[in-house]
A.B. asks: 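Before we start, here is the structure in question, set down as structure tokens.
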Amino acid sequence: MDKNKNRNKGDFMQEDSQVIKVRREKLKKIEEMGVNPYPNDFKPLDRAKYIKEKYGPLTSEELEKVKVEFSLAGRLMAKREMGKLIFAHLQDATDKIQLLVAKGEVDAENFKFFKKMIDIGDIIGVKGRIIKTKTGEITILVKEFKLLTKSLRPLPEKYHGLRDTELRYRMRYLDLIMNERVRELFRTRTRIVQYIRNYFISEGFLEVETPMMHPIAGGATARPFITYHNALEMNLYLRIAPELYLKRLIVGGFERVFEINRNFRNEGVSTRHNPEFTMLEFYEAYATYEDLIKRTEELFYGLCMEIKGKPTLEYQGHTIDFTPPWKRIDFMKSLIEIAGVPEEVLYDREKLFNFAREKGIELNQKDPRIGKWWTKLFEELIEPKLIQPTFVVGFPIEVSPLARRNEANPEIADRFELYIAGKEVANAFSELNDPRDQRQRFEEQIKLREVDDEIPPEIDEDFLRALEYGMPPCAGEGIGIDRVVMLFTDSPSIREVILFPHLRRKEDL
RNA sequence: GGGCCGGUAACUCAGUCGGUAGAGUAUCGGCCUUUUAAGCCGAGAGUCGCAGGUUCGAGUCCUGCCCGGCCCA
């Protein structure tokens with residue numbers, strides 16, 4: 001269906017606004033004056049933040065003695081003309097700083113050029129000494145300036161900035177220009193990823209890159225994106241998880257590996273889901289899921305101290321405390337004690353189905369796995385209540401096809417999921433390394449494709465072969481990086497922490 | 001997929017009961033040597049998301065569609 005069928009040509013042919021026309025005319029005039037509007041021969045030696053930090057505390061008299069000439073470059077964010085003075089603000093990657101262009105400090109011709117030809121939004125380079133204004137603001141008294149890039153579009157309103165969520169996501173560059181909070185958020189994202197990367201490197205893990213395109217989309221249950229390789233004449237799937245490849249590397253003998261990269265799942269977009277999202281997965285030979293509980297506590301505690309300088313953070317009105325040890329609850333017990341499912345109902349399909357229906361939860365009647373039903377009830381009734389960091393253990397084996405069986409109780413897996421602020425943040429288990437059991441589980445799974453079309457359609461025989469060579473006992477974990485960033489930046493939506501979230505195409509933008 | 005809310009100048013937003021489309025910012029012209037959401041005087045700027053319908057008359061009411069947000073599945 002052509003969703004654009006009702007659109008007429010006007011949607012695609014937006015007339016330039018009056019402001020843009022004026023800018024284009026200025027650009028032409030600038031070139032006619034013999035000035036290059038896009039030169040690249042200015043090297044800024046200073047940065048706004050550094051100047052403000054170093055010279056901010058000095059008095060005007062002390063600044064008089066600073067004979068150094070400073071050079072800065074950045075985007076002009078404000079311009080206030082006052083007769084023979086022009087105040088302006090220049091924004092570089094570090095901060096904003098005030099400029100003073102004064103007749104007398106620059107010659108009359110240049111003053112006029114700045115007044116008439118330099119607009120808010122232009123990138124300029126300036127040289128000058130620093131002064132303090134009457135109100136005590138550190139200011140560059142401009143001796144020389146140079147237009148470095150002419151801007152042809154007006155910036156959004158200076159006071160409110162760019163508010164419209166749709167425009168902020170579609171034109172993230174404008175959002176970043178206008179909103180310091182957004183710039184800070186993405187710096188924090190990078191700091192989080194770098195901390196995690198350094199943590200694993202320092203623990204002796206090898207960072208690796210495994211394929212993004214898989215012949216079989218395994219390692220999770222989710223609908224994949226499909227693509228086609230012309231030369232190989234085959235379908236490929238964008239990966240839904242790197243798990244099966246990272247385990248091959250454990251077979252290969254690396255013992256400790258991790259990967260931080262994108263996964264792709266062909267599902268709806270919402271405040272919780274983006275079709276591509278960033279996942280950390282790590283695998284550790286000779287470790288168990290119990291070891292990973294300790295590692296996870298250590299990782300988050302250290303991360304919180306690094307980012308927040310204390311072991312707690314504020315998320316949507318909740319104070320989250322990462323001081324170990326964290327709470328642990330049993331999956332089945334939580335269904336009985338927190339969700340209030342009577343024990344005799346839990347194991348009776350008919351009673352359970354009706355119980356769920358009363359709670360407004362529709363279970364997939366065709367799915368024979370009662371464990372899948374329990375998981376659904378857990379997601380609905382328990383997940384939102386797990387605010388403080390909580391490890392949930394004792395997951396049914398039916399919903400853990402890659403996890404090791406518990407030796408005392410073969411119906412449950414040696415697995416945990418970590419919940420924080422009502423969201424699943426991590427999933428980990430002692431890995432199944434018995435190739436016979438793994439084959440059996442895959443075969444059972446495949447039979448269920450009729451009732452669950454997210455199950456991979458094909459058994460990854462090469463993965464099984466790798467297991468037959470022998471994978472050392474190990475444990476592995478996946479952590480959703482976007483959700484971690486949401487927590488640390490108090491963001492209610494995943495789209496706030498992704499630079500370019502996916503939106504429907506809009507031709508006339 | 002369903003419910004609710006929104007889309008008006010480049011941006012942020014008003015727009016009453018259906019009766020000529022508004023403000024601020026930005027832009028343009030003028031004044032101003034310490035401003036900082038500068039100020040003052042003046043000017044220009046609109047496919048009211050799109051397409052139909054009702055009406056003498058629609059930004060406003062009705063229908064369908066597009067885009068976004070929030071909630072639910």
Side-chain angles (χ1 to χ4, degrees), chain A residues 1-26 29 52 60 76-91 96-106 108 111 115-122 130-142 151-171 174-175 177-179 267-273 316 356-357 359-364 376 379-380 384 491-496 501-509:
Chain A
M1 273 277 258
D2 182 6
K3 293 200 168 170
N4 293 326
K5 66 181 173 184
N6 289 326
R7 289 158 171 248
N8 62 32
K9 210 174 175 185
D11 288 329
F12 304 91
M13 309 275 285
Q14 204 181 353
E15 285 266 314
D16 286 338
S17 77
Q18 181 201 19
V19 192
I20 293 174
K21 281 179 188 156
V22 169
R23 293 280 177 104
R24 288 191 196 283
E25 279 159 23
K26 279 192 191 179
K29 272 185 210 156
K52 282 165 105 172
S60 293
L76 204 69
M77 295 301 289
K79 193 180 171 196
R80 295 179 291 277
E81 291 177 32
M82 274 203 52
K84 297 187 178 66
L85 295 181
I86 300 169
F87 288 97
H89 269 103
L90 190 74
Q91 175 172 287
K96 260 181 226 179
I97 193 162
Q98 183 165 259
L99 306 179
L100 175 53
V101 182
K103 215 167 186 173
E105 295 289 333
V106 298
F111 186 81
K115 186 175 170 174
K116 295 291 178 192
M117 295 299 162
I118 302 291
D119 291 304
I120 291 172
D122 289 354
I130 49 175
I131 58 165
K132 246 182 186 177
T133 61
K134 232 164 49 176
T135 53
E137 181 166 351
I138 283 282
T139 300
I140 305 289
L141 180 60
V142 175
S151 170
L152 296 176
R153 289 175 181 268
L155 290 180
E157 208 236 17
K158 63 184 171 189
Y159 187 60
H160 298 93
L162 188 64
R163 284 271 188 84
D164 188 295
T165 316
E166 185 176 354
L167 292 181
R168 286 184 49 232
Y169 295 160
R170 287 194 196 276
M171 298 193 278
L174 250 197
D175 191 24
I177 290 169
M178 297 307 296
N179 299 319
E267 292 157 0
V269 292
S270 74
T271 45
R272 283 182 290 270
H273 297 281
Q316 304 293 299
R357 177 166 274 182
K359 298 264 178 189
I361 301 161
E362 210 56 39
L363 297 173
N364 181 358
K376 176 82 178 164
E379 281 170 13
E380 295 291 327
S491 302
S493 165
I494 194 171
R495 293 166 164 223
E496 287 295 325
H502 288 284
L503 297 179
R504 230 177 270 277
R505 267 188 90 175
K506 212 171 180 179
E507 300 286 348
D508 55 347
L509 252 170

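In what follows, chains carry the letters A, B, and so on, assigned in the order in which the sequence lines appear, proteins first and then strands, with residues in each chain numbered from 1.
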A.B. asks: If I pick the C1' atom on B:A43 and the same atom on B:C61, what distance separates them, to the nearest angstrom?
C.D. replies: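 To the nearest whole Å, 37 Å.
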A.B. asks: Going by the rule side-chain contact (heavy atoms from CB on, under 4.5 Å), which residues pair with A:Glu157 if we only count those two or more places apart in sequence or in a different chain?
C.D. replies: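 For A:Glu157, the residues satisfying side-chain contact (heavy atoms from CB on, under 4.5 Å) (neighbours in sequence not counted) are A:Tyr159, A:His160.
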A.B. asks: Where the side chain of A:Thr133 is concerned, which of B:U34, B:C13, B:A73 is the nearest nucleotide?
C.D. replies: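 Selected nucleotide: B:U34.
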A.B. asks: Could you list the protein-to-nucleotides 29-31 of chain B atom pairs, N/O on both sides, closer than 3.5 Å?
C.D. replies:
from: B:G30; atom 1: OP2; to: A:Lys116; atom 2: NZ; distance (Å): 3.1

A.B. asks: Check the phosphate of B:C11 against A:Arg163, side-chain N and O only, distance under 4.0 Å to OP1 or OP2. Yes or no?
C.D. replies: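 Negative; the distance criterion is not met.
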A.B. asks: Separation of A:Leu503 atom CG from B:G7 atom P, in whole Å?
C.D. replies: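 From A:Leu503 CG to B:G7 P: 19 Å.
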A.B. asks: Under the rule for side-chain contact (heavy atoms from CB on, under 4.5 Å), what residues qualify as partners of A:Lys26, not counting sequence neighbours?
C.D. replies: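 With sequence neighbours excluded, A:Lys26 shows a side-chain contact (heavy atoms from CB on, under 4.5 Å) to A:Val22, A:Met117, A:Asp119, A:Lys150, given in chain and number order.
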A.B. asks: Could you grab the distance from atom CD1 of A:Ile20 to atom CZ of A:Arg153, nearest 0.5 Å is fine?
C.D. replies: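 Reported to 0.5 Å precision, the distance equals 4.0 Å.
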A.B. asks: Find the distance between NZ (A:Lys115) and CG (A:Leu85) and round it off to the nearest 0.5 Å.
C.D. replies: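 Those atoms lie 11.0 Å apart.
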A.B. asks: Under 4.0 Å from OP1 or OP2 of B:G39: is there any side-chain N or O of A:Arg80 that close?
C.D. replies: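 False: A:Arg80 side-chain N/O out of range (4.0 Å or more) of B:G39 OP1/OP2.
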A.B. asks: Determine the minimum heavy-atom distance between A:Ser270 and A:Arg495, stating which atoms define it.
C.D. replies: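 Scanning both residues, the minimum pair turns out to be O-NE, 4.1 Å.
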A.B. asks: Using side-chain contact (heavy atoms from CB on, under 4.5 Å) as the criterion, list what pairs up with A:Ser491, not counting sequence neighbours.
C.D. replies: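 With sequence neighbours excluded, A:Ser491 shows a side-chain contact (heavy atoms from CB on, under 4.5 Å) to A:Leu185, A:Met486, A:Thr489, A:Glu496, A:Val497, given in chain and number order.
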A.B. asks: For B:G68, does either OP1 or OP2 sit under 4.0 Å from a side-chain N or O belonging to A:Arg504?
C.D. replies: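 Yes, A:Arg504 has a side-chain N/O under 4.0 Å of OP1/OP2 on B:G68.
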A.B. asks: Expressed as a whole number of Å, how far does the C1' atom of B:A45 sit from that of B:C50?
C.D. replies: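 Looking at atom C1' only, B:A45 and B:C50 are 23 Å apart.
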A.B. asks: Could you tell me whether A:Thr271 contacts a base, only the sugar-phosphate backbone, or nothing, with contacts defined as non-hydrogen atoms closer than 4.0 Å?
C.D. replies: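 Since only primed, P, OP1 and OP2 atoms lie under 4.0 Å of A:Thr271, the category is sugar-phosphate.
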A.B. asks: Nearest whole Å is fine: how far is B:G69 C1' from A:Glu496 CD?
C.D. replies: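 Result: 11 Å.
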A.B. asks: Nearest whole angstrom, please: distance from the C1' of B:A73 to the CG of A:Asn364.
C.D. replies: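 Atom CG in A:Asn364 sits about 14 Å away from atom C1' in B:A73.
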A.B. asks: How many whole angstroms separate atom CD1 of A:Ile20 from atom P of B:C28?
C.D. replies: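 Value for this atom pair: 14 Å.
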A.B. asks: With sequence neighbours excluded, give me every salt bridge (Lys or Arg N to Asp or Glu O under 4.0 Å) pair touching residues 77-86 of chain A.
C.D. replies: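 Sorted pair list: A:Lys79-A:Glu81.
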A.B. asks: Among B:G68, B:U34, B:U33, which is the nearest nucleotide to the side chain of A:Phe87?
C.D. replies: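 So the side chain of A:Phe87 is nearest to B:U34.
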A.B. asks: For A:His89 and B:U34, give me the distance from atom NE2 to atom C1', rounded to whole Å.
C.D. replies: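 Spelled out: NE2 on A:His89 to C1' on B:U34 is 13 Å.
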A.B. asks: Taking atom P in both B:G15 and B:G49, compute the distance separating them and give it to the nearest angstrom.
C.D. replies: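 The answer is 14 Å between these two P atoms.
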A.B. asks: Indicate, with a heavy-atom threshold strictly under 4.0 Å, whether A:Gly161 touches base, sugar-phosphate, or nothing.
C.D. replies: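 Sugar-phosphate only.
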A.B. asks: Using the closest heavy atom to pick a nucleotide of RNA chain B for each, name whichever of A:Asp164 or A:Ile361 lands nearer the 5' end.
C.D. replies: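 Taking each residue's closest nucleotide, the earlier one in sequence belongs to A:Asp164.
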A.B. asks: At their closest point, which heavy atom of A:Met77 faces which heavy atom of A:Ile120, and how far apart are they?
C.D. replies: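 Scanning both residues, the minimum pair turns out to be O-CG2, 3.8 Å.
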A.B. asks: Salt bridge or not between A:Glu380 and A:Lys376? Use side-chain N to carboxylate O under 4.0 Å.
C.D. replies: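 A:Lys376 and A:Glu380: salt-bridged.
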A.B. asks: Which one is paired to B:U47, where only Watson-Crick or G-U wobble pairs with both distances under 3.5 angstrom count?
C.D. replies: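 WC or wobble partner does not exist here.
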A.B. asks: What does A:Glu362 touch in the nucleic acid at a heavy-atom separation under 4.0 angstrom: a base, only the sugar-phosphate, or nothing?
C.D. replies: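 Counting heavy atoms under 4.0 Å across all strands, no contact is made by A:Glu362.
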A.B. asks: Under 4.0 angstrom, heavy atoms only, what part of the nucleic acid is A:Ile86 near: base, sugar-phosphate, or nothing?
C.D. replies: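 Since no nucleic acid heavy atom lies under 4.0 Å of A:Ile86, the category is nothing.
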A.B. asks: How long is the span from the CG atom in A:Leu100 to the CD1 atom in A:Ile140, to the nearest 0.5 Å?
C.D. replies: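 Going from the CG atom of A:Leu100 to the CD1 atom of A:Ile140 covers 10.5 Å.
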A.B. asks: What is the distance, rounded to the nearest whole Å, between atom CD1 of A:Ile494 and atom P of B:G69?
C.D. replies: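 Taking CD1 of A:Ile494 and P of B:G69, I get 13 Å after rounding.
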A.B. asks: Please give the distance between the P atoms of B:C62 and B:A23 as a whole number of Å.
C.D. replies: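 Here B:C62 and B:A23 have their P atoms 29 Å from each other.
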A.B. asks: Tell me the partner of B:C70, counting only Watson-Crick (N1-N3 plus N6-O4 or O6-N4) or G-U wobble (N1-O2 and O6-N3) with both under 3.5 Å; none if nothing fits.
C.D. replies: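 Its partner is B:G3.
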A.B. asks: With both distances kept under 3.5 Å, what pairs with B:U60, Watson-Crick or G-U wobble?
C.D. replies: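 Partner of B:U60: none.
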A.B. asks: Whole Å only: how far is the CD atom of A:Glu267 from the C1' atom of B:G1?
C.D. replies: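 Nearest whole value for this atom pair: 15 Å.
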A.B. asks: Take the protein atom CG of A:Leu174 and the nucleotide atom C1' of B:C11, then report the distance between them rounded to whole Å.
C.D. replies: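 Rounded to whole Å, this separation is 9 Å.
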A.B. asks: Set out, line by line, the N/O atom pairs under 3.5 Å between protein and nucleotides 24-27 of chain B.
C.D. replies:
from: B:G24; atom 1: N2; to: A:Glu157; atom 2: OE2; distance (Å): 3.4
from: B:U25; atom 1: O3'; to: A:Lys158; atom 2: NZ; distance (Å): 3.2
from: B:A26; atom 1: OP1; to: A:Lys158; atom 2: NZ; distance (Å): 2.6

A.B. asks: Within the structure shown, what part of the strands sits under 4.0 Å from A:Glu380 by heavy-atom distance: base, sugar-phosphate, or nothing?
C.D. replies: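 Answer is sugar-phosphate: A:Glu380 comes under 4.0 Å of backbone atoms only.
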A.B. asks: What's the gap between B:C48 and B:C13 when it is taken at their C1' atoms, as a whole Å value?
C.D. replies: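 After rounding to an integer number of Å, I get 14 Å for this pair.
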A.B. asks: When rounded to the nearest Å, what value does the distance between C1' atoms of B:A21 and B:A14 take?
C.D. replies: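 The same atom, C1', in both gives a distance of 11 Å.
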A.B. asks: A:Glu362 vs A:Arg357, test: salt bridge (charged side-chain N to carboxylate O under 4.0 Å, His left out). Steps then yes/no.
C.D. replies: CA-CA 6 Å; A:Glu362 210 56 39; A:Arg357 177 166 274 182; 2.8 Å; yes
A.B. asks: B:U55 and B:G39: how far apart are their P atoms, nearest whole angstrom?
C.D. replies: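 My reading of the P atoms in B:U55 and B:G39 gives 50 Å.
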A.B. asks: Write down the distance separating the C1' atoms in B:G3 and B:U8, rounded off to the nearest Å.
C.D. replies: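 These two C1' atoms come out 26 Å apart once rounded.
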A.B. asks: Distance from A:Asp175 atom CG to A:Asp164 atom CG, nearest 0.5 Å?
C.D. replies: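 So the CG of A:Asp175 and the CG of A:Asp164 are separated by 10.5 Å.
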